[in-house]
Amino acid sequence: MSTSEFSPGLAGVVAFETEIAEPDREGGSLRYRGIDIEHLVGHVPFEKVWGLLVDESLEPGLPASYCELPIRTGSYMSDLQAGLAVLGGRWGLKQLIDIDDAQAKEDLRRLSAAALSLVAQSARGDRPPVPEEEVLKGKTAAERFLLAWRGEVNEKHAKAIDTYWICTAEHGLNASTFTARIIASTGADGGAALSGAVGALSGPLHGGAPARVLPMLDAVATSGDAEKWVRDALARKERIMGFGHRIYRAEDPRSKLLKRTAKELGSPRVEVAEELEKVAHEAIAERNPDHSYTNVEYWSAVVLDVAEVPPNLAPAMFACSRTAGWSAHILEQKGLGVLVRPSAKYVGPGERSLDSISNGRSR
């Protein structure tokens, strides 16, 4: 593609080279710095996977952390976005352009650990906060999250959250990650970069689908006929949530791991989810074979439901996991040291006089 060609949404445009993650388009696998996520889930906790992505090492990973929410906005995502920006200022974080990689990494480590705590505090709502010493008794990031949120740990819930966080920690140059890199390219501080990434993730077209999957499964269960439900939905030209991916042409490897976890944890939704998956796959494949498999969001919804995560909290849970990928990309962009400045192709009117415009309209 030449520099003068236009690609809507930058589809297919290679903007960066990265060493962080490798989604295998045809093979249906995902590797974090060369390590297949199959070898991570159930073997190392999320906080160590954060270390793999950011440090290229499982140690030290994310530290155990407790951070009270500095501001409540009435929205989980807004609480997190505002909180990260506030912490950046409160902690006096220096701009990326003025610090070395070691300091930038430490700033991002503190912010990422705080992000998990902020979301847990936001989810807890108006209830009195759990004492810090109680929260820090959790052995993993997922356990500490549950302690800060509910004051107790359920092992199944912790496993569900940990698996979800690992599976969604990083996935290349999506909208929020691109946003983080753009902000990092300006030399802004880590809090600004992470806060901006949360803003990009808050939109329903990026990371919001899990919240829409459970109502769909409930509707199928109520109808008692998955095949008819799919047929009617497609006839109405409705989108069946959780199917298709812009990268994978085979089964999304994250979906496979999350489905396995849902079964292991005994989700009561597995039966209807599998039935819908089979029927919808066959129906969609007749129309578009490349987008007929479930994606990460389909089985994410089921796994998060095991942990009793309400659908409207799902985007913030996604943001918790994606702090790993965002941080890795922010550091990679810092090392690149180039301001991101794509071009725009002008397609407006040609040169004309001011007199040709009246009251904001052309004559």
> Would a 4.5 Å heavy-atom cut-off, applied to side chains only, mark Tyr298 and Glu277 as touching?
Replying inline: yes
>> Rounded at 0.5 Å granularity, tell me how far CG in Leu69 sits from OH in Tyr76.
In response: 11.5 Å
> Linking I/L/V/M/F/W/Y whenever any side-chain heavy atoms sit under 4.5 Å apart, do Ile99 and Val54 land together?
Replying inline: yes
> Any sub-3.5 Å donor-acceptor pair from Ser267's side-chain atoms to Lys263's backbone N or O?
Replying inline: no
> Do Leu40 and Tyr32 have side chains that get closer than 4.5 Å, going by heavy atoms?
Replying inline: yes
>> Membership question, hydrophobic clusters at under 4.5 Å side-chain separation (ILVMFWY): are Leu336 and Leu339 in the same one?
In response: no
>> When you group the ILVMFWY residues by side-chain heavy-atom contacts below 4.5 Å and let the links chain together, are Leu276 and Leu234 in the same group?
In response: yes
> Closest heavy-atom contact between Ala148 and Val135?
Replying inline: CA-CG2, 3.8 Å
> Quick check: are there more than 12 heavy atoms from other residues, nucleotides or ligands sitting under 6.0 Å from CD of Glu264?
Replying inline: yes
>> How close do Ile330 and Ala184 get, counting heavy atoms only, and between which atoms?
In response: CG2-CB, 3.9 Å
> Side chains of Tyr66 and Glu134: donor-acceptor distance under 3.5 Å anywhere?
Replying inline: no
> Is Trp326 close to Thr179 at the side-chain level, that is, under 4.5 Å between some pair of heavy atoms?
Replying inline: no
>> Could you walk me through whether Tyr164 and Met317 satisfy the side-chain contact (heavy atoms from CB on, under 4.5 Å) test, starting with their C-alpha distance in whole Å, then the side-chain angles of each, then the deciding distance to 0.1 Å, before giving a yes or no?
In response: CA-CA 9 Å; Tyr164 170 75; Met317 298 297 287; 4.0 Å; yes
>> With a sphere of 6.0 Å drawn around CZ of Arg341, does it hold more than 12 non-hydrogen atoms of other residues, nucleotides or ligands?
In response: no
> Does a side-chain heavy-atom distance below 4.5 Å link Val49 with Ile35?
Replying inline: no
>> With side-chain hydrogen bond (donor to acceptor under 3.5 Å, both in side chains) as the criterion, how do Asp36 and Ser29 come out once you've worked through the C-alpha distance, each side chain's angles and the decisive distance to 0.1 Å?
In response: CA-CA 7 Å; Asp36 196 304; Ser29 63; 4.5 Å; no
>> Can a donor-acceptor pair be found, under 3.5 Å and without considering hydrogens, that links the side chain of Asp162 to the backbone of Ala142?
In response: no
> Below 4.0 angstrom, N of the basic side chain to O of the carboxylate: do Glu59 and Lys48 qualify?
Replying inline: yes
> Do any N or O atoms from the side chain of Thr163 and from the backbone of Ala160 form a donor-acceptor pair under 3.5 angstrom?
Replying inline: no
>> For a side-chain contact (heavy atoms from CB on, under 4.5 Å) check, start with the C-alpha distance between Gln81 and Thr73, then their side-chain angles and the critical distance, and finish with the verdict.
In response: CA-CA 10 Å; Gln81 184 177 11; Thr73 67; over 6 Å; no
>> Is any side-chain heavy atom of Glu47 closer than 4.5 Å to one of Arg144?
In response: yes
>> Between Leu118 and Asp79, is there a side-chain heavy-atom distance shorter than 4.5 Å?
In response: no
> Could you give the distance from CD1 (Ile20) to OG1 (Thr177), rounded to the nearest 0.5 Å?
Replying inline: 8.5 Å
>> Can you tell whether the side chains of Asp55 and Lys105 come within less than 4.0 Å, N to carboxylate O?
In response: yes
>> Using 0.5 Å steps for rounding, measure from the OG atom of Ser300 to the CG atom of Asn295.
In response: 8.0 Å
>> In the structure I gave you, are the side-chain heavy atoms of Leu313 and Pro310 within less than 4.5 Å of one another anywhere?
In response: yes
> Mind checking whether Val213 and Leu265 sit in one hydrophobic cluster, side chains of I, L, V, M, F, W, Y counted as touching below 4.5 Å?
Replying inline: no
> Do Trp149 and Val309 come within less than 4.5 Å of each other through their side chains, counting heavy atoms only?
Replying inline: yes
>> A cation-pi test, strictly: NZ or CZ of Arg181 under 6.0 Å from the centre of the six-membered ring of Phe16 and no more than 45 degrees from its axis. Yes or no?
In response: yes
> From Leu53 CG over to Arg322 CZ, what is the distance, rounded to the nearest 0.5 angstrom?
Replying inline: 10.0 Å
> Taking everything shown except Glu19 itself, do over 12 heavy atoms lie less than 6.0 Å from its CD?
Replying inline: no
>> Distance to the ring centre below 6.0 angstrom and angle to the axis at most 45 degrees; does that hold for Arg254 and Trp299?
In response: no
>> Can you see whether His157 engages Arg150 through a side-chain donor-acceptor pair at a distance of less than 3.5 angstrom?
In response: yes
> Sub-3.5 Å donor-acceptor pair from the side chain of Ser185 to the main-chain atoms of Ile182, do we have one?
Replying inline: yes
>> Give me the atom names and distance for the closest heavy-atom approach of Val302 to Leu217.
In response: CG2-CD1, 3.9 Å
> Checking side-chain contact (heavy atoms from CB on, under 4.5 Å) for the pair Glu227/Arg231: CA distance, chi angles, key distance, verdict?
Replying inline: CA-CA 6 Å; Glu227 189 171 352; Arg231 185 169 60 249; 3.9 Å; yes
>> Tell me whether Asp232 is salt-bridged to Lys228, with the criterion being a basic N under 4.0 Å from an acidic carboxylate O.
In response: yes
> Taking atom NE2 of His171 and atom OG of Ser321, what is their separation to the nearest 0.5 Å?
Replying inline: 12.0 Å
> What is the minimum heavy-atom distance between Leu258 and Cys167, and which atoms define it?
Replying inline: CG-SG, 4.1 Å
> Roughly how far, to the nearest 0.5 Å, is the CD1 atom of Ile37 from the CD atom of Glu170?
Replying inline: 11.5 Å
> Under the salt bridge (charged side-chain N to carboxylate O under 4.0 Å, His left out) criterion, do Lys278 and Glu274 qualify, and how do the steps go?
Replying inline: CA-CA 6 Å; Lys278 178 179 182 299; Glu274 284 193 309; over 6 Å; no
>> Assess the residue pair Thr323 and Phe46 against the criterion (side-chain contact (heavy atoms from CB on, under 4.5 Å)); give the C-alpha distance rounded to whole Å, side-chain angles, the decisive distance to 0.1 Å, and a yes or no.
In response: CA-CA 11 Å; Thr323 57; Phe46 167 73; 4.3 Å; yes
> When Met77 is tested against each of Val119, Asn312, Val198 for side chain to side chain contact (heavy atoms under 4.5 Å, CB included), which residue passes?
Replying inline: Val198
> What's the shortest heavy-atom distance between Arg124 and Pro129, and which atoms?
Replying inline: NE-CA, 3.9 Å
> Which is it for Asp101 and Lys334 under the salt bridge (charged side-chain N to carboxylate O under 4.0 Å, His left out) test, yes or no, and what are the steps along the way?
Replying inline: CA-CA 8 Å; Asp101 289 354; Lys334 182 182 186 302; 3.1 Å; yes
> With the threshold set at 4.0 Å, does a side-chain nitrogen-carboxylate oxygen contact exist between Glu143 and Lys137?
Replying inline: no
> Which heavy-atom pair separates Ala85 from Ser195 by the least distance, and what is that distance?
Replying inline: CB-OG, 3.9 Å
> For atom CD1 of Ile97, is the number of surrounding heavy atoms from other residues, nucleotides or ligands below 6.0 Å larger than 12?
Replying inline: no
>> Side chains of Ser112 and Ser327: any donor to acceptor distance under 3.5 Å?
In response: yes
>> salt bridge (charged side-chain N to carboxylate O under 4.0 Å, His left out), that's the test. Do Asp218 and Arg269 meet it? Break it down for me.
In response: CA-CA 9 Å; Asp218 289 339; Arg269 295 182 183 271; 2.6 Å; yes
> Val279 and Met216: same hydrophobic cluster, using ILVMFWY side-chain contacts below 4.5 Å?
Replying inline: yes
>> Which residue is it: Phe145, Phe318, Trp50? I am looking for the one with a ring-ring contact (aromatic ring centres under 6.0 Å, His included) to Trp165.
In response: Phe145
> For the side chain of Ser356 and the backbone of Ser353, is there at least one donor-acceptor N/O pair under 3.5 Å apart?
Replying inline: yes
